[in-house]
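For reference, the structure discussed in these notes is given below.
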There are 2 protein chains.
Amino acid sequence: MIEKQDSNTEEKIILAAEKVFIENGMAGARMQQIADEAGINKALLHYYYRSKEKLFEIVFKTAIKMLVPNLVNAYKSGDGDFFTRLRKFIDSYITIIEKNPHIPAFVIHEVNHRPDQLTNMLAELNVDISFIINDINAAIDAGDMRPINPYDLMINVISLTIFPVVARPMITGIIFKGDKKGYKEFMKHRRNVVADFIINSIRLEKSQQ
Amino acid sequence: MIEKQDSNTEEKIILAAEKVFIENGMAGARMQQIADEAGINKALLHYYYRSKEKLFEIVFKTAIKMLVPNLVNAYKSGDGDFFTRLRKFIDSYITIIEKNPHIPAFVIHEVNHRPDQLTNMLAELNVDISFIINDINAAIDAGDMRPINPYDLMINVISLTIFPVVARPMITGIIFKGDKKGYKEFMKHRRNVVADFIINSIRLEKSQQ
DNA sequence: GTCTATAAGGTGATAGAC
DNA sequence: GTCTATCACCTTATAGAC
């Protein structure tokens with residue numbers, strides 16, 4: 001159960017499915033392409049996972065788990081004062097997103113397409129963000145941060161972190177006129193820029209660093 | 001050329017195509033569905049627009065034009081000092097995005113799927129953002145704003161504006177546990193929250209309002 | 001478990017009547 | 001211009017040999 005055979009067929013299929021689904025979405029993905037990617041026959045996909053729909057569900061859940069629990073864990077793992085932890089979180093989460101840059105767009109697209117089905121799946125994950133909310137409220141109560149709705153702060157942080165990665169081709173096209181290197185250079189500096197931008201907005205001067 | 005007959009077939013097709021493509025993406029859209037939506041026959045789609053691909057291109061360009069020039073115009077139309085105009089811009093742009101909430105996700109999905117083809121299309125639009133960049137630099141030079149890379153500020157504003165709309169079902173599912181009303185209430189307050197968040201981050205105290 | 005062959009239904013596109 | 005009928009191809013899924 002714990003050991004992983006690398007040329008295990010089930011595993012190969014899942015890896016191939018992740019690649020193909022995340023690149024093309026459910027509607028654009030082809031079972032043949034997944035089979036080719038896995039180096040096996042199309043019939044084997046159905047032997048192991050019965051239908052395209054079942055395979056998609058597995059990939060979708062994996063994608064969600066890469067986004068959400070990582071977010072919570074990246075936050076919880078930090079130590080130091082609130083702003084130190086926030087800065088650490090932003091850095092960790094940008095790293096995670098940049099390693100899997102297509103996952104947010106994939107999830108957004110699928111979940112917009114069948115919101116009722118997938119929104120329920122998300123709700124059932126029952127992600128516990130109370131730790132983050134309480135932490136924000138504590139920093140406000142301690143007078144370190146100006147009052148702000150914790151949900152707003154959370155969503156601002158996530159927006160500033162994920163959106164520029166999701167919108168990479170648009171930013172490259174519109175702002176950098178197609179220059180991919182320009183975008184890349186730009187993103188290198190974002191980690192600190194995002195953290196500074198947020199902290200400048202919310203920190204109260206009481207205990208200047 | 002200027003007059004518009006409302007039950008003009010060409011127009012009906014385009015409106016139907018916009019709805020179907022933006023909802024389902026290129027790969028998920030069906031010509032039959034577009035025909036049904038337009039209340040006409042499938043063959044007529046090909047009579048007027050030859051292929052699915054041609055129809056998609058038209059819809060995609062319309063979508064881009066709804067996002068980008070609106071952004072520039074919303075910015076240019078404001079008056080008053082920099083922060084007044086910024087606040088006005090954020091309000092206008094959120095209004096535009098909320099009226100067409102599926103367009104950003106549609107564009108992001110398609111452009112991620114065939115980045116080379118569509119990134120070039122974006123670059124060819126040759127959107128002129130120099131006005132915005134210069135305006136930001138002027139505010140920094142005047143000492144009203146702390147120094148920040150104008151591109152960073154632009155992308156931060158756009159991220160905070162668009163992302164929460166694009167990620168509506170995710171936010172509803174994960175943060176509001178499926179409660180759609182919770183999301184809606186939340187978004188009502190975002191306009192001022194976003195503007196305050198940004199302005200708190202960048203404004204220098206020199207000329208307190 | 002893995003393959004080939006094929007079924008069953010869908011999809012974009014066209015031909016041709018009106 | 002608009003329709004029905006149909007083609008040619010593609011896609012998921014299964015049957016059955018090995």
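Labels below follow one simple rule: chain letters A, B, ... track the order of the sequence lines, proteins then strands, and each chain is numbered from 1.
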Between side-chain atoms of residues 35-48 of chain B and protein atoms elsewhere (two or more places apart, or another chain), which donor-acceptor pairs fall under 3.5 Å?
| unit_1 | atom_1 | unit_2 | atom_2 | d |
| --- | --- | --- | --- | --- |
| B:Asp36 | OD1 | B:Gln32 | NE2 | 2.9 |
| B:Glu37 | OE2 | B:Lys19 | NZ | 3.1 |
| B:Asn41 | OD1 | B:Ala43 | N | 2.8 |

* To do: May I ask you to check whether over 12 heavy atoms, not counting those of B:Arg114, lie within 6.0 Å of atom CZ?
  => yes
Atom-to-atom span, [atom1] of [X] to [atom2] of [N] - whole angstrom:
X	N	atom1	atom2	value
A:Asp36	D:dT12	CG	P	12 Å
A:Gln32	D:dC9	CD	P	17 Å
B:Tyr48	D:dC3	OH	C1'	13 Å
A:Asn8	C:dT2	CG	C1'	14 Å
B:Tyr49	C:dG12	OH	P	17 Å
B:Ile40	D:dT4	CD1	C1'	14 Å
A:Leu45	C:dT2	CG	P	11 Å
B:Arg30	C:dG9	CZ	C1'	13 Å

* To do: Output yes when B:Lys188 and B:Glu185 qualify as a salt bridge under the 4.0 Å nitrogen-oxygen rule, no when they do not.
  => yes
* **Pair listing, ring pair (Phe, Tyr, Trp, His ring centres under 6.0 Å) test, anchored in residues 92-118 of chain A, at least two apart** => A:Phe89-A:Tyr93, A:His109-B:His109
* Would you mind listing every ring pair (Phe, Tyr, Trp, His ring centres under 6.0 Å) that reaches into residues 152-173 of chain A, with sequence neighbours excluded? => none
* **Counterpart residues, ring pair (Phe, Tyr, Trp, His ring centres under 6.0 Å), relative to A:Phe60 (two or more places apart)** => A:Phe56
* To do: Name all residues meeting the side-chain contact (heavy atoms from CB on, under 4.5 Å) criterion together with A:Ser77; count only those two or more places apart in sequence or in a different chain, and write none if there are none.
  => A:Lys88
* Which residues share a side-chain contact (heavy atoms from CB on, under 4.5 Å) with B:Arg146, sequence neighbours left out -> A:Phe197, A:Asn200, B:Ile148, B:Ser201, B:Leu204
* Hey, can you pull the residues of residues 16-26 of chain B with a non-hydrogen atom under 4.0 angstrom from DNA chain C? -> none
* Scan for side-chain hydrogen bond (donor to acceptor under 3.5 Å, both in side chains) pairs involving residues 150-169 of chain A, sequence neighbours excluded, and state none if there are none. => A:Asp152-B:Arg190, A:Asn156-B:Arg190
* **Within residues 121-137 of chain A or reaching into it, pairs that qualify as side-chain hydrogen bond (donor to acceptor under 3.5 Å, both in side chains) - sequence neighbours excluded** => A:Tyr75-A:Asp135, A:Arg85-A:Asp135, A:Asp128-A:Ser130
* **Phosphate-side-chain proximity, B:Thr9 and D:dG1, N/O vs OP1/OP2 below 4.0 Å** => no
* So what does B:Ala29 hit on the nucleic acid, given a heavy-atom distance under 4.0 Å: a base, only sugar-phosphate, or nothing? -> sugar-phosphate
* Asked: For every nucleotide of nucleotides 13-18 of chain C, 5' to 3': is a protein heavy atom under 4.0 Å from its base (B), only from its sugar-phosphate (S), or from neither (-)?
  -> BBB---
* To do: Would you mind reading off the bend of the helix from C:dG1-D:dC18 to C:dC18-D:dG1 from its two end axes, five pairs each, to 10 degrees?
  => 10°
* Identify, with sequence neighbours excluded, every residue that meets salt bridge (Lys or Arg N to Asp or Glu O under 4.0 Å) alongside B:Lys180. => A:Asp116
